[in-house]
Amino acid sequence: MKHKKWCLLPILLLLSMIVLAGCGQKSVASEDILKRDQSTKTVAWGVKSDTRLFGLMNIKDNQIQGFDIDVAKELSHRIFGKHVKIDFLPVTSNTRLPLLKNGNVDALIATMTITPERQKQVDFSDVYFDAGQAILVKKGSPIKSVKDLKAGTKVIGVQGSNSVDNVKKVAPQTEVLQLSDYAQAFTALKSGQGDALTTDNGILYGMSADDPNYVVVGGAFTNEPYGIAVNKGQKPFLKAINKNLKAMRQDGTYQKLENKWFGNIQGFHQGRD
């Protein structure tokens with residue numbers, strides 16, 4: 001009898017964890033994040049820390065820098081005041097949604113494309129950046145566009161990003177290698193583990209700026225509108241984000257930030273070719 005009790009213990013613990021997780025998600029949805037953050041004067045953003053131009057950790061001062069970071073700071077100050085404490089939590093394409101849904105962050109601004117599937121899980125702001133998927137190759141590569149990704153070629157992508165599904169659709173004969181983040185993906189390309197790397201053009205231009213031996217070719221072959229994600233049930237917070245995104249565009253702040261991060265990138269443009 002004692003032995004049976006010990007056998008049941010792991011099952012009971014697992015059930016308890018499931019119940020607690022469910023309760024946690026319910027409390028995240030029911031709590032008014034906007035009111036809470038206004039009261040605490042603290043807001044937490046999930047951001048990329050391995051993506052040059054959008055969010056990259058500066059090892060000199062241990063601060064994350066990039067376009068997404070600056071947009072998040074501007075929105076935070078406009079919504080919560082200049083004395084708000086802004087926390088940035090590094091996320092990857094694979095971890096960002098779970099961290100948001102579990103309440104670890106209040107919102108995601110992390111090169112995240114608005115898709116119908118993701119809209120079932122979270123709510124998105126208005127588009128804050130128009131990107132398009134492209135490919136990155138070493139200079140001199142015979143691959144000049146996505147049309148050259150045929151049988152015998154290997155393309156590198158990142159887990160949790162819709163770019164992997166996109167490239168499988170347009171180049172079904174190519175082999176796809178999925179890695180956990182962009183730093184690993186770029187390292188894999190440089191070490192010859194793949195013939196090309198695919199993701200959004202803005203991210204790829206950041207890699208090219210980091211190492212000019214690698215270039216973006218062929219133009220964009222998809223439309224990838226980025227949105228800021230919040231949990232379902234956070235309409236007041238979402239409304240505040242959209243209101244201030246609109247104001248940033250109208251008063252020229254958005255254009256200044258865009259020029260700061262992308263103005264000197266040769267060949268860069270937003271949207272579809």
Side-chain angles (χ1 to χ4, degrees), residues 48 50-55 68 91-98 100-101 108-138 141-208 214-229 267-273:
K48 293 289 185 68
D50 66 340
T51 309
R52 183 166 175 153
L53 301 180
F54 290 94
D68 282 357
V91 302
T92 66
S93 296
N94 217 26
T95 64
R96 56 193 173 188
L97 276 176
L100 175 64
K101 294 182 73 65
L108 294 171
I109 182 165
T111 65
M112 192 171 182
T113 302
I114 302 169
T115 67
E117 186 61 33
R118 289 170 179 165
Q119 286 176 315
K120 296 176 184 177
Q121 304 178 64
V122 296
D123 286 333
F124 281 100
S125 70
D126 296 335
V127 175
Y128 78 91
F129 189 87
D130 284 312
Q133 188 171 336
I135 57 173
L136 182 78
V137 298
K138 190 172 184 178
S141 169
I143 295 174
K144 304 301 180 184
S145 75
V146 70
K147 295 178 181 178
D148 296 320
L149 296 175
K150 300 177 180 179
T153 62
K154 181 184 289 186
V155 64
I156 301 167
V158 172
Q159 296 169 353
S161 68
N162 62 318
S163 56
V164 170
D165 292 332
N166 289 339
V167 79
K168 286 180 179 179
K169 291 176 183 177
V170 298
Q173 292 181 314
T174 192
E175 181 182 350
V176 178
L177 171 63
Q178 296 187 57
L179 297 173
S180 62
D181 56 48
Y182 293 115
Q184 288 189 38
F186 195 24
T187 298
L189 178 66
K190 291 191 284 188
S191 65
Q193 295 181 51
D195 303 296
L197 191 159
T198 188
T199 188
D200 302 336
N201 55 359
I203 298 171
L204 296 180
Y205 278 114
M207 295 178 183
S208 181
Y214 292 83
V215 293
V216 181
V217 296
F221 59 90
T222 68
N223 185 31
E224 306 295 327
Y226 290 172
I228 297 169
F268 174 81
H269 61 89
Q270 289 196 40
R272 187 193 298 267
D273 274 357

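Remember, predicted model here, so these are calculated numbers, not experimental data.
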M112 side, atom CE; R118 side, atom CZ - distance, nearest 0.5 Å: 4.5 Å

Any side-chain heavy-atom pair of Q121 and L97 under 4.5 Å: yes

From CG (L108) to CZ (F124), nearest 0.5 Å: 8.0 Å

Separation between OG1 of T198 and CZ of F221, rounded to the nearest 0.5 Å: 4.0 Å

Nearest non-hydrogen partners of L53 and G202, listed with the distance: CD1-O, 3.7 Å

Among T51, T199, D50, side-chain hydrogen bond (donor to acceptor under 3.5 Å, both in side chains) partner for Y182: T199

Partners meeting side chain to side chain contact (heavy atoms under 4.5 Å, CB included) with N166 (sequence neighbours left out): Q133, N162, T222, E224

Minimum heavy-atom distance A134-G219, with the two atoms named: CB-O, 3.7 Å

Closest approach of A131 to D200 (non-hydrogen atoms, all atoms of both residues): CB-CB, 4.0 Å

Derivation of the side-chain contact (heavy atoms from CB on, under 4.5 Å) call for I135 and L149: CA-CA 10 Å; I135 57 173; L149 296 175; 4.2 Å; yes

Heavy-atom side-chain proximity of L177 to Q193 below 4.5 angstrom: yes

Between NZ on residue K168 and CD on residue Q173, distance to nearest 0.5 Å: 15.0 Å

Side-chain heavy atoms of V164 within contact of Q159, under 4.5 Å: no

Stepwise side-chain contact (heavy atoms from CB on, under 4.5 Å) check, D195 with V137: CA-CA 7 Å; D195 303 296; V137 298; over 6 Å; no

Residues in salt bridge (Lys or Arg N to Asp or Glu O under 4.0 Å) contact with K169, at least two apart in sequence or another chain: none

For S180 against V158, the heavy-atom pair lying closest together: O-CG1, 3.8 Å

S208 (side chain) donor-acceptor with Y214 (main chain) under 3.5 angstrom: yes

Closest non-hydrogen atom pair between A229 and V122, with its separation: CB-CG2, 4.0 Å

Side chain to side chain contact (heavy atoms under 4.5 Å, CB included) partners of D148, counting only residues at least two apart: I143, K144, S145

Closest non-hydrogen atom pair, K48 against T92: CE-C, 3.9 Å

Modelled atom types, side-chain donor and acceptor of S163 and S161, under 3.5 Å: yes

Inter-residue atom distance F186.CZ - S191.OG, 0.5 Å rounding: 11.0 Å

Ring geometry between Y128 and Y226 (parallel below 30°, tilted from 30 to 60°, perpendicular above 60°): tilted

Side chains of R96 and T111 in contact at under 4.5 Å (non-hydrogen atoms): yes

Short side-chain to backbone donor-acceptor contact, T187 and A183, under 3.5 Å: yes

Distance, nearest 0.5 Å, that separates CG of L197 from NZ of K190: 11.0 Å

